[in-house]
Amino acid sequence: MKTLHLQPLVAALILVGLSTTTQARLGQNLSIDMKTLSMGNAVTADPPGVNSIHFNPAGLTKIDGLQTDVQGIMAQFNVKREWSAPAGYNVFGYSDDPIVCNDEPTNPSPLCTDFKGIVNGDVEYPTLYVPILKKMVDLAPGMPVAAPTAGVAYRPPGSKITYATAIYAPMIAGFGAEDGNPGNFMGQQVAMERVTFLSPSAAYKVNDELSLGASIGLSYQAIAMKTDMRVPNELVGVLRLIHEDVCAPFKENGNIVTDLLLFGMCNAEKSLGPFDNLASLEVALEQSVAPSYNLGILWEPTDDFGFGMVYQSESKMRMKGKYNIQTGQGARDMISALNSSVTGQILSAILGFPGYIPAQESGLVSMNLSYPQHFQAGIKYKVMPDVQVNFDVSWTDFKKWEKFQMEFDRSIGALKIAKLLTNHVTESSVTFPLEFVSSWRWGVGVQYDATDRLQLRMGYEPRSSAIPEHKRNTMVPINNAQLFGVGLTYRFDPDTEIDLTAAHVRSKDDIPANSSDLANKTGVNNLIYNPYAGLNISTNTTVNLMGIVYRTRW
């Protein structure tokens, strides 16, 4: 029974890795440059100002003299989640799940008599991780996440080399909800940030047609999460059956015989059922400096046509942090009861179970994480003197996230138990298979020079999913998505201009019951981690972005 104590720890680490991948996929190229969003991220052949550092550093050669770009971005995340019970829903004969059932806790029937229908559990407010405080901070409901950035570039007079650096945020995302939200079993608070604080770059103009560029990015990375845990599994259903049906006749008349035959299980004051809250857990991991590099090429043989290509390297990290777990009373009582009997103690010794679960545990954890490499290429072409069309294709190596491994600074008794259940666990590590796949996607943008001062833009990018269908979940749900962007540039004088952009990202998904082993699979062998086993799930995620860029030259 001590295996149940492992579940919160292992599952929370799984969720940390999961939040990393889903938020990275959701936030990729959304918080770096607003002009780029208005072109559907199709800018490799026409990179935007100082932020060419990220999208194609070869584009820095278009800058003359000294140029600064100051940008403000606001993003509003709206994550809607719904649950419902399908016909015949039950977990080991129990269907009184409080998420979908209206029955009172005092109802003696294990089967629900009054289902709620569709249950909403929307994200309620944005959440950020504050490095100095080393804690998550909730913002007001509906409040957007703001990300100011800035960059500077300089090309000396007569030089073929342009130098630049910028501060930008490749990823900022996070959400939170109040106690009692059904979504809290896959993260009550989740925050992930990647901020590039230094990006020394250089671009070389080979000739009038060809430019080469490179940049180095030094970034801060953080992942944090607070979550409730539960395990609606057939094995946990057995524990409830034993407590409510087998042990009920012996509660008042127990003796040494019943203790020996039932391993002391009937001595537990509180049982552990498939719908009970098993524990609450907080995890936070950081890396102060995570290096990466970008290489770019830009070829413009004519004024009407251009070709660009960029390679963004992976960023290998060794993230370190802490975890704190508060185990529920039911799990602690079950272990205490098991060790209150001679036969229970023998069973624990044979299986290597510890004899005690503390109410609270904390420790150190580390994780090897690679921010995946990315390749993108595109063209620009003026179909008319005032109309330009951009088209890009890109590939991201999300297969790199086929599995995650979490490591502890010591051997943990709970992991000694878990390795009896799966070969993904050792005494001091947990390996979790995500099975993500690398994917291609494309984007298109159109810009129209309405006047000498005003330029209008619009773009579209279908963002294909890297998450297999059998791994879909409710943690920042993102599968196949669509990005729509519009924007304009207004030039006040030859050296000063502003960009205004609005963008919208949307993603909808249905996860039928028993279709995902990261959300709602039932069965004995789906113990880690399916908090909504047997339930239908649907998600609807939208991201609204607005921003302004002020650009000036000297």
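The ring pair (Phe, Tyr, Trp, His ring centres under 6.0 Å) pairs that include a residue from residues 130-170 are H54-Y168, where partners are two or more places apart or lie in different chains. Pairs passing the salt bridge (Lys or Arg N to Asp or Glu O under 4.0 Å) check and including a residue from residues 42-65, sequence neighbours excluded, read K62-E300, D64-R155.
With sequence neighbours left out, N368 forms a side-chain hydrogen bond (donor to acceptor under 3.5 Å, both in side chains) with R318. Every residue two or more places apart in sequence or in another chain that forms a side-chain hydrogen bond (donor to acceptor under 3.5 Å, both in side chains) with S38 is listed here: R457. Residues passing the side-chain contact (heavy atoms from CB on, under 4.5 Å) test with R491, sequence neighbours excluded: E497. Annotation: side-chain contact (heavy atoms from CB on, under 4.5 Å) contacts of Y220 (sequence neighbours excluded): Y129, P131, E193, F197, A222, E286. By the side-chain contact (heavy atoms from CB on, under 4.5 Å) test, E82 is found to be paired with I118, N120, S538, residues two or more places apart in sequence or in another chain being considered. Annotation: side-chain hydrogen bond (donor to acceptor under 3.5 Å, both in side chains) contacts of K205 (sequence neighbours excluded): none. Every residue two or more places apart in sequence or in another chain that forms a side-chain hydrogen bond (donor to acceptor under 3.5 Å, both in side chains) with Q482 is listed here: Y460, R506. Residues forming a ring pair (Phe, Tyr, Trp, His ring centres under 6.0 Å) with Y532 (at least two apart in sequence, or on another chain): W83. Listed by chain and residue number, K80 satisfy the salt bridge (charged side-chain N to carboxylate O under 4.0 Å, His left out) test with D122 (two or more places apart in sequence, or in another chain). Partners of Y204 according to the side-chain contact (heavy atoms from CB on, under 4.5 Å) rule, which considers only residues two or more places apart in sequence or in another chain, are K160, I161, V206.
Exactly one residue among Q388, M384, K382, K380 makes a side chain to side chain contact (heavy atoms under 4.5 Å, CB included) with D304. That residue is K382.
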Side chain to side chain contact (heavy atoms under 4.5 Å, CB included), that's the test. Do S84 and V119 meet it? Break it down for me.
CA-CA 6 Å; S84 63; V119 179; over 6 Å; no

When you look at Q188 and T227, which way does the side chain to side chain contact (heavy atoms under 4.5 Å, CB included) test go after all the steps?
CA-CA 5 Å; Q188 181 174 3; T227 188; 5.6 Å; no

Take D509 and T539 through the test side-chain hydrogen bond (donor to acceptor under 3.5 Å, both in side chains) and record every step on the way to the result.
CA-CA 5 Å; D509 195 22; T539 62; 4.8 Å; no

After noting the C-alpha distance and the side-chain angles of T68 and Y550, does the key distance pass the side chain to side chain contact (heavy atoms under 4.5 Å, CB included) rule?
CA-CA 8 Å; T68 58; Y550 176 77; 5.8 Å; no

Show, in sequence, the C-alpha distance, side-chain angles and deciding distance for T489 and D499, and conclude whether the side-chain hydrogen bond (donor to acceptor under 3.5 Å, both in side chains) test is met.
CA-CA 4 Å; T489 296; D499 297 331; 2.5 Å; yes

Would S280 and Q326 count as a side-chain hydrogen bond (donor to acceptor under 3.5 Å, both in side chains) if you check the C-alpha gap in whole Å, the side-chain angles of each, and the deciding distance to 0.1 Å?
CA-CA 5 Å; S280 297; Q326 294 183 347; 5.4 Å; no

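No side-chain heavy atom of V43 sits under 4.5 Å from any side-chain heavy atom of N56. Residues P170 and Y371 form a side-chain contact, since some pair of their non-hydrogen atoms from C-beta on lies under 4.5 Å apart.
Side chains of D397 and S438: a donor-acceptor N/O pair is present below 3.5 angstrom, by distance only.
Of the possible donor and acceptor atoms, none in the side chain of Q312 sits under 3.5 Å from a partner among the backbone N and O of H374. For R453 (side chain) and F492 (main-chain N/O), a donor-acceptor pair under 3.5 Å exists by modelled atom type.
Annotation: the span from N530 atom CG to S516 atom OG amounts to 6.5 Å, rounded to 0.5 Å. From N540, atom CG reaches atom OG1 of T542 across 6.5 Å, with rounding to the nearest 0.5 Å.
Checked against the 6.0 Å centroid criterion, the rings of F307 and F305 do not qualify as a close aromatic pair.
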